[in-house]
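Quick note: residue numbers are just sequence positions, from 1.
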Amino acid sequence: MAHRAGPAHVELLALSRTSGSAVTGQFRIVNDGQSQLNLHISLFEGGREGDIRSLEANGIGLLDGAGGKLYMPLRKADGTCLCSSLADKELAPGASLDVYAVFPAPPAGVNRVTVTLPLTVPMQDVPLSNGPVRALPDQTDPASVSLASPRILTVAGVAEGDEQSVDDDGDKRAVRLSSDVLFALNKADLTPQADKLLRGVAKQIDASRGSTVKVDGYTDSSGNDAINQPLSERRAKAVADRLKQLVTRTGVTFQTAGHGSADPVAPNDTESGRRKNRRVTASFTMPSPPAAPAGGRPYRWAPGKPASSKTAAFTAAEARNLQVEVNSMHRDPAGLTTFVWTLRNNGRSQADVGSAFQLDLQYNGRLSPVSQSTDGISIRDTAGDVWYYPLRASSAECVCTSLPRADAKKVLAPGESVTYAGVYRLPPEARTVDIDFPWSGQEGLRLKGVAVR
C-alpha cells in the first residue's frame with residue numbers, strides 16, 4: 001500500500017456472493033511501519049476528495065477483465081456507501097483494521113475478478129466464493145436498506161502503434177488501421193502491406209462474439225471534403241470487402257461509412273497527428289480472452305524487500321538517483337496483465353514523483369485526465385510494435401496507482417522506496433515487452449526485455 005505514512009499492506013479476508021445480487025468483500029489493513037497510519041481518506045474513489053464520501057472505503061472495486069466492467073460499492077438511496085467508514089481511523093505501528101464493501105454482483109459466469117484498492121497493488125485473479133461471511137461490527141446488510149442504482153463502470157484500454165492502434169471500451173473493440181500503410185496517397189486500392197494487417201483483424205473478428213462489423217474511413221484535414229469524403233468512403237469499402245474474404249465465421253455482416261476529416265483522434269497541426277487521423281477503423285465486439293499461458297503467479301506481498309527480476313536507473317537528469325525494480329508482470333486468465341514495480345531513492349535528497357509519470361501531451365500525444373497519476377507508463381509488445389497504456393474506468397480514473405490524494409506516497413526521502421502498479425490489456429501472444437517510464441514529459445527510463453509470466 002503506497003501510503004505516505006507507510007509501509008502498510010492489505011490482506012483479503014473474504015470475497016463472496018452473499019446473495020444473488022451482491023458480493024461482499026472484507027479486507028485487513030496492516031501498519032507495517034513505525035509511524036501512526038491515518039486511514040480516513042485512504043480508500044475513497046478518485047474525484048471525491050473534500051466530499052463527506054471521501055471518508056468511506058468507496059474506492060474499492062471488482063474488475064471483470066473479460067467483460068470490461070468495474071463494479072463499485074453499492075450505495076444507499078442517500079448516497080452513503082455500503083462500505084466501512086474510515087473517519088478518524090488511525091492505526092498504531094503493528095496494528096490492523098478490518099474493513100468491508102458490498103458490490104453489485106457480476107454475471108453468474110464471472111467466477112474470478114481483480115480486486116482494486118486505492119494506493120494498493122491490485123489483487124489479481126481472485127476467486128468468488130458463495131455464501132455468507134462473518135459480519136463486521138459496522139457492516140450493513142443490503143437487504144435492509146433502500147439502494148441507489150448500482151455503479152458499474154466500463155473499462156477502456158488504449159494501444160498505440162504506427163501501423164495499427166486499438167481502443168477497447170467495455171466489450172467493444174475498435175482497431176484503427178493507418179491509411180498510409182493500407183493505401184497509396186489519395187488512392188483506395190489496398191497495398192500488398194495491407195494484407196498482413198487485415199488478416200490479423202480478421203482473426204479477431206473470427207474470435208469475436210458479435211455478428212456486426214462497422215468499418216469507417218477517415219482522412220486528415222488536408223484538402224477539402226469534396227475530395228476527402230468520397231475517398232474515405234471508398235477506403236472503408238475496400239477494407240470491408242477484403243475482410244469479408246478473410247473472415248471465416250458465418251453470419252458476420254459489414255457496415256461501411258466514410259467521414260472525411262471529421263472526428264480526428266489527434267491534432268491536425270502536426271504531421272504525426274495528421275498521420276493518426278488518416279485511418280480506417282474496424283469496430284466489433286471484443287473477442288473473448290484466450291486461456292492465459294501456463295507459468296507465473298500473481299504478485300503477493302511478503303515482508304522485506306520485494307523480489308525483482310530487473311533493475312535499472314533513470315536516465316533523466318532530474319531523476320538520476322532513482323531506481324526502478326520490476327516485481328511482477330503477470331497475465332491472468334481474463335486477459336489482463338498487472339505490472340508491479342518498486343521505485344527506490346538512492347540519492348541524498350528527497351524526490352517528489354507526484355507528476356512525473358502522468359500522460360503528457362507532448363511526450364505521449366495525449367493528456368492525462370487525472371493529474372499525478374501513473375497512467376503515462378506504457379508497455380510495448382515487441383512482436384507487434386504497439387504501446388499499451390493502463391486501463392481507464394469511465395470515471396476517468398486509470399486502473400493504476402493514482403497519486404493526487406493526500407495520503408499517497410509520492411515524496412521519497414533518501415533510502416525510501418514505494419511500490420506502484422498498473423493493469424494493462426496486452427495481446428495474448430505478447431511474451432516479452434519493453435516498459436517506458438516518462439519523467440515529467442520527457443523520456444526517463446526504458447526497460448527492455450521484461451518477461452510476461
Side-chain angles (χ1 to χ4, degrees), residues 1-10 32-33 35 37 42 116-122 124 299-330 337-360 363-364 368 370-380 389-390 398-424 433-450:
M1 189 179 192
H3 194 290
R4 62 185 174 89
H9 75 275
V10 181
D32 301 305
S35 303
L37 194 71
S42 294
T116 63
L117 302 96
L119 305 182
T120 307
V121 172
Q124 198 176 8
Y299 176 83
R300 292 291 182 264
W301 176 87
K305 182 179 177 181
S308 60
S309 59
K310 276 187 177 291
T311 300
F314 276 80
T315 54
E318 300 88 343
R320 61 182 179 274
N321 293 316
L322 295 178
Q323 173 181 295
V324 162
E325 300 164 5
V326 175
N327 306 128
S328 177
M329 180 75 75
H330 177 70
T337 298
T338 298
F339 171 44
V340 184
W341 56 286
T342 294
L343 183 68
R344 194 173 300 277
N345 184 3
N346 294 324
R348 296 182 178 181
S349 58
Q350 73 176 22
D352 187 341
V353 302
S355 300
F357 306 120
Q358 69 188 39
L359 281 170
D360 180 83
Y363 185 74
N364 304 102
S368 175
V370 180
S371 63
Q372 298 191 55
S373 186
T374 59
D375 56 1
I377 296 172
S378 54
I379 296 178
R380 175 177 171 261
Y389 288 89
C398 80
V399 189
C400 65
T401 305
S402 186
L403 302 175
R405 63 189 70 225
D407 280 356
K409 182 72 170 179
K410 51 193 171 186
V411 177
L412 302 184
E416 280 194 318
S417 65
V418 63
T419 299
Y420 296 147
V423 180
Y424 300 74
V433 297
D434 298 341
I435 310 169
D436 184 74
F437 295 83
W439 183 266
S440 301
Q442 58 182 311
E443 183 174 321
L445 167 65
R446 186 161 294 179
L447 266 173
K448 295 187 176 182
V450 177

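In this structure, C400 and F357 have side chains that are not in contact, with every pair of non-hydrogen atoms separated by 4.5 Å or more. Using a 4.5 Å cut-off on side-chain heavy atoms (C-beta onward), L445 and W439 make no contact. Looking at H9 and D32, their side chains come closer than 4.5 Å, going by heavy atoms from C-beta outward. Within the 4.5 Å cutoff, the side chain of Y299 has no heavy atoms near those of the H330 side chain. Side-chain contact between F314 and L343 is present, with at least one heavy-atom pair separated by less than 4.5 Å. The side-chain heavy atoms of V370 and S402, taken from C-beta on, include a pair separated by under 4.5 Å. The shortest side-chain heavy-atom distance between N364 and Y389 falls under the 4.5 Å cut-off.
Atom CE of M1 is separated from atom CG of L119 by 5.5 Å, given to the nearest 0.5 angstrom. Distance CZ/F437 to OG1/T374: 9.5 Å, rounded to 0.5 Å. Atoms OG and NE2, on S42 and H3 in that order, are 3.0 Å from each other to the nearest 0.5 Å. One distance of note links NZ of K310 with CE of M329; it measures 11.0 Å at 0.5 Å rounding. Here Q323 contributes atom CD and N345 contributes atom CG; the two are 10.5 Å apart, rounded to the nearest 0.5 Å. Separating the CG atom in L359 from the SG atom in C398 is a distance of 8.5 Å, to the nearest 0.5 Å.
T315 places a side-chain N or O within donor-acceptor distance of the main-chain N or O of G444, the cut-off being under 3.5 Å. Panel note: side chain R4, backbone A406; a donor-acceptor pair is recorded below 3.5 Å. Counting only distance, with no hydrogens or angles, the side chain of N327 and the backbone of A307 share a donor-acceptor pair below 3.5 Å. K409 contributes no side-chain N or O that, together with a main-chain N or O of V418, makes up a donor-acceptor pair within less than 3.5 Å. In terms of modelled atom types and a separation under 3.5 Å, the side chain of S373 and the main chain of S371 share no donor-acceptor contact. Proximity of a side-chain donor or acceptor of T401 to a complementary backbone N or O of A421 within less than 3.5 Å is detected. No side-chain donor-acceptor contact under 3.5 Å links Q358 to the backbone of G376.
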* Asked: Should R446 and R380 be marked as a side-chain contact (heavy atoms from CB on, under 4.5 Å) after you check the CA-CA gap, both sets of side-chain angles, and the distance that decides it?
  -> CA-CA 10 Å; R446 186 161 294 179; R380 175 177 171 261; over 6 Å; no
* To do: Show your working on side-chain contact (heavy atoms from CB on, under 4.5 Å) between V353 and L322 and close with a plain yes or no.
  => CA-CA 10 Å; V353 302; L322 295 178; 4.0 Å; yes
* **side-chain contact (heavy atoms from CB on, under 4.5 Å) assessment of I377 paired with Y424** => CA-CA 10 Å; I377 296 172; Y424 300 74; 3.7 Å; yes
* To do: With side-chain contact (heavy atoms from CB on, under 4.5 Å) as the test, would you mind laying out the steps for Y363 and E443 before giving the verdict?
  => CA-CA 8 Å; Y363 185 74; E443 183 174 321; 3.6 Å; yes
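Contact record, D360 with G441: CG-CA, 3.6 Å, taken as the closest heavy-atom pair. Nearest heavy atoms, G6 versus L37: N-CD1, 4.1 Å. What you find for K410 and P404 is that their closest heavy atoms are NZ-O, 3.6 Å. Taking all atoms of both residues into account, the shortest heavy-atom contact from D375 to S368 is OD2-OG, 2.7 Å.
Among residues at least two apart or in separate chains, ring-ring contact (aromatic ring centres under 6.0 Å, His included) pairs with a member in residues 399-421 are W341-Y420.
Of the charged side-chain nitrogens involved, none lies within less than 4.0 Å of a carboxylate oxygen, so that D434 and K448 do not count as a salt-bridged pair.
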